[in-house]
Number of protein chains: 2
Amino acid sequence: MEINQLQIKIGERIRVLRESKGITQQNLAAICNFEKANLSRLEAGRTNPTISTLYKISQALEVSISDLLDVESYN
Amino acid sequence: MEINQLQIKIGERIRVLRESKGITQQNLAAICNFEKANLSRLEAGRTNPTISTLYKISQALEVSISDLLDVESYN
DNA sequence: CACCACGTTATCATATATGATAACCGATTA
DNA sequence: TAATCGGTTATCATATATGATAACGTGGTG
């Protein structure tokens, strides 16, 4: 799998989890101390996030980091 | 959990998985197209890796990225 | 002793993630 | 119409991950 595809899948996964909690990008961004624009960029898969970024999001969404990586290579 | 602690745990986990495959840092680094010095830095938890870095390692170790994140927040 | 093999640490350059701000779009609503 | 809301995109600055190289330590082995 291309790294680009992975980024996109992670972004999509974050979006799904965020929406399932019924919160806006603005909400989630605020909890994580991100700017909403930056979260939008992340959900669009336009960056290669660090583990700390994913960690903050996982905490805010009350899931594990692994839950953000639903898409996997060796399952 | 501190982000620093997370980095250290991930580094330790990578080391354990690498050693369980019986390969050296040099080997793994070569497969991933890293310099051995950079892999050493990563295993020491002295960086905040991107998902693409973790992905390359997971592929080389034939595990999922989640397997590198054994330590979790919301389990 | 010299010589490797494995790993560590430091350093510098470069690429890029992230912070921050502004402008914009579409949909909704008053 | 104007205003708000959720989201997007572009842009620039700054922090930092990564690439790359060199020097070093330690343990084993000839």
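Each chain gets a letter, A, B and so on, in the order its sequence line appears, and its residues count up from 1.
- Relative to the side chain of Gln25(A), the nucleotides dT8(D), dT18(C), dG7(C) differ in distance, and dT8(D) lies closest.
- In terms of phosphate contacts, Arg15(B) brings no side-chain nitrogen or oxygen within less than 4.0 Å of OP1 or OP2 of dC6(C).
- In terms of position along DNA chain C, the nucleotide closest to Ala44(B) lies nearer the 5' end than the nucleotide closest to the other residue of the pair Gln7(A) and Ala44(B).
- Judged by distance alone, with hydrogens and angles left aside, the side-chain atoms of Arg18(B) form no donor-acceptor pair with the main-chain N or O of Leu28(B) at under 3.5 Å.
- Counting heavy atoms from C-beta outward, Ser52(A) and Leu6(B) have side chains that stay 4.5 Å or more apart.
- Summarising the geometry of Lys21(A) relative to Ala60(A), their closest heavy-atom pair is NZ-O, 4.1 Å, with the distance given to 0.1 Å.
- For the pair Leu42(B) CG and dT18(D) P, the computed distance is 7 Å after rounding to whole Å.
- Here the shortest heavy-atom pairing between Val63(A) and Asp67(A) reads CB-OD2, 3.4 Å.
- Although no hydrogens or angles enter the test, the distance criterion places no donor-acceptor pair under 3.5 Å between the side chain of Asn48(A) and the main chain of Thr50(B).
- Under 4.0 angstrom from either OP1 or OP2 of dA5(C) there lies no side-chain N or O belonging to Thr24(B).
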I'd like to compare against my own output: the B/S/- annotation of nucleotides 24-30 of chain C with a strict under-4.0 Å heavy-atom distance to protein. -------
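- As judged by a 4.0 angstrom heavy-atom cut-off over every strand, Thr50(A) is placed among residues touching the sugar-phosphate backbone only.
- Of the candidate nucleotides dT11(D), dA17(C), dT9(C), dT11(D) has the atom lying nearest to any side-chain atom of Arg41(A).
- If you measure from atom CD1 of Ile57(A) to atom P of dA17(C), you get 14 Å, rounded to the nearest angstrom.
- The base of dA17(D) is not paired with the side chain of Asn38(B) by any donor and acceptor separated by under 3.5 Å.
- In this structure, Glu43(B) places its CD atom 7 Å from P of dT8(C), rounding to the nearest Å.
- With rounding to whole Å, Ile51(A) atom CD1 is found 14 Å from dA17(C) atom C1'.
- For Phe34(A), the listed nucleotide lying nearest its side chain is dG19(C); candidates were dG19(D), dG19(C), dT9(D).
- Looking at Tyr55(A), its side chain does come within 3.5 Å of a backbone N or O of Met1(B) through a donor-acceptor pair.
- Atom CG of Leu54(B) is separated from atom P of dA17(D) by 12 Å (rounded to the nearest Å).
- The phosphate of dG7(D) (OP1 or OP2) has a side-chain N or O of Arg18(A) nearer than 4.0 angstrom.
- Phosphate proximity of dT18(D) to Arg46(B): absent, as no side-chain N or O sits under 4.0 Å from OP1 or OP2.
- Between the CG atom of Asn48(A) and the P atom of dA17(D) there is a distance of 12 Å, given to the nearest Å.
- The side-chain heavy atoms of Phe34(A) and Thr53(A), taken from C-beta on, include a pair separated by under 4.5 Å.
- As rounded to whole Å, 17 Å separates atom P of dT9(C) from atom CD of Glu35(B).
- The shortest distance between the side-chain N/O atoms of Thr47(B) and the OP1/OP2 oxygens of dT16(D) is not below 4.0 Å.
- Put simply, CD on Glu19(B) is 13 Å from P on dC6(C), counting in whole angstrom units.
- OP1 or OP2 of dA5(C) has not a single side-chain nitrogen or oxygen of Gln26(B) nearer than 4.0 Å.
- With hydrogens and angles ignored, the 3.5 Å screen pairs no side-chain donor or acceptor of Arg41(A) with any backbone N or O of Thr47(A).
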